[in-house]
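What follows is a set of notes on a single structure, which appears directly below.
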Amino acid sequence: MRRIITATVQNRSGVLNRVTGLLHKRQFNIESISVGRTETESISKMTFVVEVPDFQKLEQMIKQLHKQIDVLKVSDITDKAIVARELALIKVVSNSQIRNEIQGIIEPFRASIIDVSRDSLTVQVTGKTDKVEALIELLRPYGIKELARTGLTAFLRGHQPQVTEIPDYSILK
Amino acid sequence: MSVEAKAGTRTETNTRTGADLLVESLIREGVDTLFGYPGGAVLPIYDALYKAKESFHHVLSRHEQGAIHAAEGYARVSGKPGVVIATSGPGATNLVTGITDAMMDSLPLVVFTGQVARHVIGTDAFQEADVMGITTPITKHNYQVQSMSDLPRIVKEAFHIATTGRKGPVLVDIPKDIAASLQEDSYDTTFQLPGYQPTTKPNPLQIKKLADAIAKAKKPVLLAGAGVLHGKASSSLKAFAVKYSLPVTTTLLGLGSFPGDHKLSLGMAGMHGTYAANMALYECDLLINIGARFDDRLTGNLKHFAKYATVAHIDIDPAEIGKNVETKIPIVSDSKEALTEMHSMIQESPRHQDWLEQLEAYKKEYPLFYENADKEVSPQWLVEAIYKETEGKAIITTDVGQHQMWAAQYYTFANPDKWVTSGGLGTMGFGFPAAIGAQLAKPDETVVALVGDGGFQMTLQELSLLQDKGLPVKVIIMNNEALGMVRQWQESFYEERYSESLLPVQPDFVKLAESYHIRGFKVETKDELEQVMPEVFAYSGPVVLDCRVLNLENVYPMIAPGKGLHEMIGVKP
Ligand SMILES: Cc1cc2nc3c(=O)[nH]c(=O)nc-3n(C[C@H](O)[C@H](O)[C@H](O)COP(=O)(O)OP(=O)(O)OC[C@H]3O[C@@H](n4cnc5c(N)ncnc54)[C@H](O)[C@@H]3O)c2cc1C
Ligand SMILES: Cc1ncc(C[n+]2csc(CCOP(=O)(O)OP(=O)(O)O)c2C)c(N)n1
């Protein structure tokens, strides 16, 4: 199953290596990872999208991350009310004739063209992963020359509905 | 020198080198023994140590691996952190095995490595190695000091992290220019570790759940692991087990946490554990694990492990709970805290007399056994002879292999902190240097290094230390002219194809010992062994005893790979 995990970490040298090394060593598959600073100086936030086989492995991953000295907080926010976004840059083969056609495709996605050359253009799209992927699929027939994605970043919405469900063996602290 | 006395003098000298600051930090941490080896990048540190000579006992090993295993042995028997110093590059990489070993077995170490100067880090400078990169996955935490003013705080944090919660190795990498630079210092050790708050007190609700489960259980069993020893909880464990008549089995690393000669003791469980212990784990309806991490050598095939039981697990590391075995009653806590809390919780006395009788019958019906050779020395008999001669009171360190298992089976430990062995990593070469550290920590106790002829040859250069430091370690080589454990597996699972596991060519260990000015003995028969044994232990100095044993003896009982605890082989003659 695919889970979205966030980790608040102390912004010390090597912390990214610690976290990714740990996930690698314990055979957790990272689909994407994004890291950046937060509102607090010296604190960064990481968002991972991971593929785990079951809840037991998921719990193990969270606990192992939590054990790292530089990791302050780890949350699995998959089932919470969240805002989650990623950004993709897609360079598509195009010429002046099909530029308008592409414009028409990307408009419903609220994507924009941010660079144009004689034989290509670059689309920027932001949104949930499935939206980004849908757009990529629509653009694929034109020929994608280059694709770069940031990976998902996410956090909780301001308001959470009052249900939390934790398996009873869980002692996530 | 007391911490206070030194702290009082600190304002007097305010221009010092980084190395001086390090030395003061070590003194303040109460360190008096250092295991190390010098080199270019740590020259400033060794110079500062020279000036502070009277504060430390520095043990100069003959290989960095020897230094770190000695530090592990020291930590294991004393409970204090072992402190290691090595130079950059090869000095640091020679520590890797020992650091990993300490990580696996949760031993508190603080390791200082020299590093090339800051301005050349990353340029493949002479003797540069990416020690941070190499040791991140094998340490509890590691640091590279980036400025001299951070040094006292980092050292303080390092000792704190190494010795609290689930203990483990912490490494501090010190660039040479920081150690050498002369600066006005402000000795500031204030630290905050918001991401490191180990839970040591149990949740009372979970304790209540466990108490209820104990009251109801018909077939309860306690599994005691190294966490009991780390928590200094042996006497609490005994009181608890006795009060509620709970049978106790231990892991390899939990030996000594509960007296092996007690009526309630089932002995060690796992791959080479006793029938009674393994069947207790298989048949029980309540399994209370205190400080064991359910290693695969203990559990065998997880599909069959404790399959009829409600599992309770007390562990200071939440990540160990539920990792391998589904746990109904998780208790994140220090072992002693939890045992103390539980002691008064249970209202009803449990009723499980039938179960105790059943286990007693298993013990009688399926005891450990071996065929005692007439003339030659059976390896098990050698262990029994050591037990007899030392009255079961020695500190025993072992290497890895058959001799390790026989020591675990036949040297019945009645007390904690007498057993030093490499469990998780299974590091050959560990046993002998670990004995040196143990002897330094406990100068008045008898320390025996029981080693195989294979493993001893991995770190025997440390014989120099016995001579150098006058340490009366008794090295006993259980010599089967083979890498016995490997040979056993080849016999059992590879149709006796002894591929590279026989060692017919042997050094003359007696002469070897003598060349280090150590007394050496060689025995080939029981008679000879009985003759020299008293001499070995009566003599006040170090001894190397090359004891030839039956070459083809196997360790039993055994659980073959992939099998469950109830599928032991070799349980009866
Ligand atoms: C050749 C060979 C054969 C082996 N055969 C066997 C065998 O037959 N049986 C066997 O058991 N092992 C065997 N082992 C050893 C095995 O690999 C493991 O090392 C061992 O089982 C681990 O024991 P443990 O869980 O008690 O200790 P550790 O691995 O040291 O784990 C200690 C646990 O206690 C916890 N802890 C630490 N401090 C505290 C505290 N203060 N309070 C509470 N909890 C704490 C830790 O978090 C950890 O979970 C063998 C090893 C070798 C090399
Ligand atoms: C460093 C290292 N290399 C290899 C092994 C694999 N191994 C485990 S036991 C063993 C044989 C040990 O032989 P010996 O030291 O003679 O002890 P014995 O089993 O004969 O008692 C080997 C090679 C290991 N555990 N550690």
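Every chain is numbered from 1 and lettered A, B, ... according to where its sequence line falls, protein lines coming before strand lines. For the numbers below, each heavy atom of this structure counts, side chains included, while hydrogens, waters and symmetry mates do not.
Formation of a donor-acceptor pair under 3.5 Å by the Gln56(A) side chain with backbone atoms of Gly322(B) is found in this model.
Looking at Ile69(A), the atoms closer than 4.5 Å to chain B (heavy atoms on both sides) sit in the backbone and in the side chain alike. Interface remark: Ile161(B) contributes side-chain atoms only to the contact with chain A (heavy atom separation under 4.5 Å).
Contact record, Ile321(B) with Glu59(A): O-OE2, 4.1 Å, taken as the closest heavy-atom pair.
Remark: Asp317(B) CG to Lys63(A) NZ distance equals 8.5 Å, nearest 0.5 Å.
The 12-atom threshold is exceeded at CZ of Arg99(A), counting heavy atoms of other residues, nucleotides or ligands nearer than 6.0 Å. At most 12 non-hydrogen atoms from other residues, nucleotides or ligands lie less than 6.0 angstrom from NZ of Lys73(A). When the shell of 6.0 Å around OH of Tyr142(A) is examined, it contains more than 12 heavy atoms from other residues, nucleotides or ligands. Heavy atoms from other residues, nucleotides or ligands lying under 6.0 Å from CD of Glu137(A) number more than 12. Counting heavy atoms of neighbouring residues, nucleotides and ligands inside a 6.0 Å radius, atom NZ of Lys131(A) exceeds 12 of them.
Using a 4.5 Å cut-off on side-chain heavy atoms (C-beta onward), Leu193(B) and Gln10(A) make no contact. For the pair Glu320(B)/Gln60(A), no side-chain contact is recorded, criterion being any heavy-atom separation below 4.5 Å from C-beta on.
Interface summary for chain A: among Pro198(B), Gly133(B), Gly165(B), Pro194(B), the most heavy-atom pairs under 4.5 angstrom belong to Pro194(B). The candidate with the highest count of non-hydrogen atom pairs below 4.5 Å against chain B, out of Lys25(A), Lys67(A), Lys57(A), is Lys67(A).
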